[in-house]
Q: 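Quick one: structure below, then a few questions.
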Amino acid sequence: MNREHNVVVYGATGFVGALTAAYLARHAPEGVRIALAGRSADKLTATRAGLPAAAREWPLVVADSGDPVALAALVASTRVLATTVGPYARYGLPVVEACARAGTHYADLTGEVLFVRAAIDAVHELALESGARIVHACGYDSIPSDLGMLLLHERAVADGAGPLTDVRLVATVRGGFSGGTIDSLRAQIEAYESNPGLRRVAADPHALSPDRAAEPVPAQPRDAGMPSRAADGTWQAPFVMAPFNTRIVRRSNALLDWAYGPELRYGEVMGAGQGVTGALMAAGITGGLAGLVGAMSVKPVRGLLDRVLPAPGTGPSEQARAKGWFRSVLHATTSSGRRYRATVAGPGDPGYAATAVMLGQSALCLALDDLPQRSGSLTPATAMGRPLIDRLRLAGHTYDVTTA
């Protein structure tokens, strides 16, 4: 596509949007045409002034997601739109639709099952016709899960080990909830209140399947449960993003005609350590998550929580972000009994610093790389796959598979 920009960062004045813009200013190849977009010209100007020197001449584009004319002009000007404007259920659908109509590749950071389901239903066929790659979940949710599974699949195929049958991801992190994640949780709970039937949609383990009736029979692991102890003695607790990540991975499998394995059972948990400390940590995580969801489901309490939880568009200091890290270990078994372990890890607070790397490299990958000939509503693994893994490795992240 011969367009004015290669990449536009939409929502650049928000916290994660500005981090992504700063990352691109430092790491995008020379000559890549990047612009910043948002609702306020003054805020865009101020954001650009705080970015590294390479961004000082980047164009600014004012566009509100509620203004169809401005939005259409924005997406028509660029090859790729990377958006951090959430909650996506509230603001995202017009942006996705505009990109699908214009044949503009799209990447976001959503962790919202209901939004992704709505976007699939609204634009998949349209994007197939226009050639747009609509790629959700291009941050910590759900790139480690999605690309880790792709690595396991490729290794099992290369070894002739048979399809994957059971995979469990164990996540360990140092970092906190982002204001955007909290706002997305709030928006999903509010959606349940207005339409209780949506709770059943989100609870379906194959909620994002392109063909729900064709999904295999095996029951999938629960997304939440009581603390448990693994065979190696490590205590495990529910992982807050499992209800989203697992559905992205299952969509990738279905889009690839269930190439990972027609009998695949995939689940995610959070590692909490060993011994008494690990048991207490697992219990604390389990209780904390249940308490947070329960409290946010009560309107008066939700108002009180808004005063103490991170607000959208805010985040930790640079020093705090630098101390964070993430590590996802995927334990896999194949139909032949072979066992593998994939490790996906990286430095930086996963919800902020590491996510800025993932979204930035996803945008560059969509704009510049030779990718699989696919379009429509995709996932990181099906839209970009190996080229994105290679980019993230060069960016300092670990992607590795070994026999277990």
Q: Evaluate the side-chain proximity of Ile120 to Val116: yes if any heavy-atom separation is below 4.5 Å, no if none is.
A: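 When only atoms from C-beta onward are counted, Ile120 and Val116 do touch, with a gap below 4.5 Å.
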Q: Might you work through the side chain to side chain contact (heavy atoms under 4.5 Å, CB included) test for Thr78 and Arg3, ending with a clear yes or no?
A: CA-CA 5 Å; Thr78 185; Arg3 297 192 175 183; 5.6 Å; no
Q: Nearest 0.5 Å please: distance from the CG atom of Asp141 over to the CG atom of Asp146.
A: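 It is 11.5 Å, given to the nearest 0.5 Å.
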Q: Output a table of donor-acceptor pairs, distance under 3.5 Å, between side-chain atoms of residues 392-404 and any protein atom two or more places apart or on a different chain; print 'none' if there are none.
A:
| from | atom 1 | to | atom 2 | distance (Å) |
| --- | --- | --- | --- | --- |
| Arg393 | NE | Tyr399 | O | 3.1 |
| Arg393 | NH2 | Tyr399 | O | 2.7 |

Q: Assess whether a salt bridge exists between Arg386 and Glu154, defined as any Lys/Arg side-chain N lying under 4.0 Å from an Asp/Glu carboxylate O.
A: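 So Arg386 pairs with Glu154 through a salt bridge.
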Q: So do Leu364 and His27 actually touch side chain to side chain, heavy atoms under 4.5 Å?
A: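 No, every pair of side-chain atoms sits at 4.5 Å or beyond.
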Q: Would a distance-only check, ignoring hydrogens and angles, find a side-chain to backbone donor-acceptor pair under 3.5 Å from Ser252 to Thr382?
A: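 Side chain of Ser252 to backbone of Thr382: no pair is present.
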Q: Please find the pair of heavy atoms, one from Leu330 and one from Leu169, that lie closest to each other, and give the distance.
A: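 Residues Leu330 and Leu169, closest heavy atoms: CG-CD1, 3.8 Å.
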Q: I'd like to check the ring-ring contact (aromatic ring centres under 6.0 Å, His included) partners of Tyr10; sequence neighbours left out, ordered by chain and number.
A: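 ring-ring contact (aromatic ring centres under 6.0 Å, His included) list for Tyr10, sorted by chain: empty.
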Q: Would you confirm whether Arg251, through its side chain, and Leu208, through its main-chain N or O, come within 3.5 Å as a donor-acceptor pair?
A: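 Such a contact is found between Arg251 side chain and Leu208 backbone.
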Q: Evaluate the side chain to side chain contact (heavy atoms under 4.5 Å, CB included) criterion for residues Val344 and Leu147: first the C-alpha distance (whole Å), next the side-chain angles of each, then the deciding distance (0.1 Å), finally the verdict.
A: CA-CA 8 Å; Val344 181; Leu147 297 187; 5.9 Å; no
Q: Can a donor-acceptor pair be found, under 3.5 Å and without considering hydrogens, that links the side chain of Asn6 to the backbone of Val32?
A: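 Looks like no, no N/O pair under 3.5 Å.
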Q: Evaluate whether atom CZ of Arg200 has more than 12 neighbouring non-hydrogen atoms of other residues, nucleotides or ligands under 6.0 angstrom away.
A: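 Counting other residues, nucleotides and ligands, CZ of Arg200 stays at 12 neighbours or fewer.
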Q: Is there a side-chain contact between Leu368 and Pro29, using heavy atoms and a 4.5 Å cut-off?
A: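 Sidechains of Pro29 and Leu368: in contact.
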Q: How would you list all residue pairs meeting ring pair (Phe, Tyr, Trp, His ring centres under 6.0 Å) that involve residues 51-71, not counting sequence neighbours?
A: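 Matches after skipping sequence neighbours: none remain.
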Q: With a 4.5 Å limit on heavy-atom distance, are the side chains of Cys365 and Leu371 in contact?
A: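 In short, these two side chains touch, coming nearer than 4.5 Å.
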Q: What are the two closest non-hydrogen atoms of Ala191 and Leu198, and how far apart are they?
A: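 Answer, listing the atom of Ala191 first, then Leu198: O-CD1, 3.8 Å.
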Q: Would you confirm whether His124, through its side chain, and Ser377, through its main-chain N or O, come within 3.5 Å as a donor-acceptor pair?
A: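 Side chain of His124 to backbone of Ser377, a donor-acceptor pair under 3.5 Å: yes, one is there.
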Q: Less than 4.5 Å apart, any side-chain heavy atom of Leu36 and any of Leu51?
A: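 Yes, their side chains come closer than 4.5 Å.
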Q: Nearest 0.5 angstrom please: Arg199 CZ to Gln188 CD, how far?
A: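 It is 9.0 Å, given to the nearest 0.5 Å.
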Q: Would you list the atom pairs, donor with acceptor, under 3.5 Å between side chains in residues 282-300 and any protein atom, with sequence neighbours excluded?
A:
| from | atom 1 | to | atom 2 | distance (Å) |
| --- | --- | --- | --- | --- |
| Thr286 | OG1 | Ala282 | O | 2.8 |
| Ser297 | OG | Val293 | O | 2.8 |

Q: Report yes if the side chains of Leu255 and Pro210 come closer than 4.5 Å at any heavy-atom pair, otherwise no.
A: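 When only atoms from C-beta onward are counted, Pro210 and Leu255 do touch, with a gap below 4.5 Å.
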Q: Could you check whether any side-chain N or O of His105 sits under 3.5 Å from a backbone N or O of Arg133, counting only pairs where one atom can act as donor and the other as acceptor?
A: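 At least one qualifying donor-acceptor pair exists.
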Q: Side-chain atoms of residues 87-100: list all donor-acceptor pairs with protein atoms under 3.5 Å, sequence neighbours left out, distances to 0.1 Å.
A:
| from | atom 1 | to | atom 2 | distance (Å) |
| --- | --- | --- | --- | --- |
| Tyr88 | OH | Thr83 | O | 2.8 |
| Tyr88 | OH | Leu109 | N | 3.1 |
| Arg90 | NH2 | Glu190 | OE1 | 3.4 |

Q: Output the distance between atom CD1 (Ile134) and atom OH (Tyr106), rounded to the nearest 0.5 Å.
A: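 One gets 7.5 Å once the value is rounded to the nearest 0.5 Å.
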Q: Which heavy-atom pair separates Thr110 from Glu112 by the least distance, and what is that distance?
A: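 Shortest heavy-atom separation between Thr110 and Glu112 comes out as OG1-N, 3.1 Å.
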Q: Where is the tightest heavy-atom contact between His136 and Pro380, given as atom of each residue plus distance?
A: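 Smallest heavy-atom distance, with atoms named: O-CD, 3.4 Å.
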Q: Is there a donor-acceptor contact under 3.5 Å from the side chain of Arg222 to the main chain of Pro238?
A: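 A pair under 3.5 Å: no.
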Q: Side-chain atoms of residues 60-71: list all donor-acceptor pairs with protein atoms under 3.5 Å, sequence neighbours left out, distances to 0.1 Å.
A:
| from | atom 1 | to | atom 2 | distance (Å) |
| --- | --- | --- | --- | --- |
| Asp64 | OD1 | Gly66 | N | 2.7 |
| Asp67 | OD1 | Val69 | N | 3.2 |
| Asp67 | OD1 | Ala70 | N | 3.2 |

Q: Would you give the length of the straight line joining atom CD of Glu57 to atom CZ of Arg48, rounded to the nearest 0.5 angstrom?
A: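 Glu57 atom CD to Arg48 atom CZ measures 7.0 Å (nearest 0.5 Å).
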Q: Test Thr246 against Gln220 for side-chain hydrogen bond (donor to acceptor under 3.5 Å, both in side chains), laying out the working first.
A: CA-CA 9 Å; Thr246 55; Gln220 295 296 323; over 6 Å; no
Q: With a 4.5 Å cut-off on side-chain heavy atoms, are Leu388 and Ile143 touching?
A: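 Of all side-chain heavy-atom pairs linking Leu388 with Ile143, at least one is under 4.5 Å.
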Q: What are the two closest non-hydrogen atoms of Ala332 and Val167, and how far apart are they?
A: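 Shortest heavy-atom separation between Ala332 and Val167 comes out as CB-CG2, 3.8 Å.
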Q: Taking the side chain from Arg250 and the backbone from Ser209, do they hold a donor-acceptor pair closer than 3.5 Å?
A: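 A pair under 3.5 Å: no.
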Q: Where do Leu19 and Tyr23 land on the side chain to side chain contact (heavy atoms under 4.5 Å, CB included) test, with the steps shown first?
A: CA-CA 6 Å; Leu19 290 178; Tyr23 177 80; over 6 Å; no
Q: Work out which heavy atom in Leu44 is nearest to a heavy atom in Gly38; give both atom names and the distance.
A: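 So the two residues come closest at CD1-N, 3.6 Å.
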Q: Using a 3.5 Å distance criterion without hydrogens, assess whether the side chain of Asn253 forms a donor-acceptor pair with backbone atoms of Tyr260.
A: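 Yes, because the side chain of Asn253 sits within donor-acceptor range (under 3.5 Å) of the backbone of Tyr260.
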Q: Rounded to the nearest 0.5 Å, how far apart are CG of Asn2 and CZ of Arg79?
A: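 With rounding to 0.5 Å, CG (Asn2) is 10.0 Å from CZ (Arg79).
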Q: What is the distance from atom OG1 of Thr165 to atom CD of Glu263, rounded to the nearest 0.5 Å?
A: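 Spacing of OG1 (Thr165) from CD (Glu263) equals 9.0 Å.
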Q: Any donor-acceptor pair under 3.5 Å linking the side-chain atoms of Asp159 with those of Tyr340?
A: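 On atom types as modelled, these side chains qualify, holding a pair under 3.5 Å.
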Q: Donor-acceptor pair, Arg341 side chain versus Val329 backbone, under 3.5 Å?
A: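 The answer is no, because no donor-acceptor pair under 3.5 Å joins these two groups.
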Q: So does Asp223 pair up with Arg247, basic N to acidic O under 4.0 Å?
A: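 A salt bridge is present here (some side-chain N lies under 4.0 Å from a carboxylate O).
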Q: Taking the side chain as every heavy atom from C-beta outward, state whether Met384 and Cys138 have any atom pair closer than 4.5 Å.
A: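 Met384 reaches Cys138 side chain to side chain.
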Q: In terms of side-chain geometry, is the basic nitrogen of Asp121 or Arg117 positioned less than 4.0 Å from the acidic oxygen of its partner?
A: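 Yes.
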Q: I'd like to know if the side chain of Thr13 reaches the main chain of Lys43, judged simply by a donor and an acceptor atom lying under 3.5 Å from each other, with no hydrogens or angles considered.
A: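 No; zero donor-acceptor contacts below 3.5 Å.
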Q: Heavy-atom count check: over 12 atoms from other residues, nucleotides or ligands less than 6.0 Å from Arg186 CZ?
A: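 Check passes, neighbour count above 12.
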Q: Apply side-chain hydrogen bond (donor to acceptor under 3.5 Å, both in side chains) to residues Thr234 and Asp232 and explain how you reach the verdict.
A: CA-CA 6 Å; Thr234 301; Asp232 64 358; 3.1 Å; yes
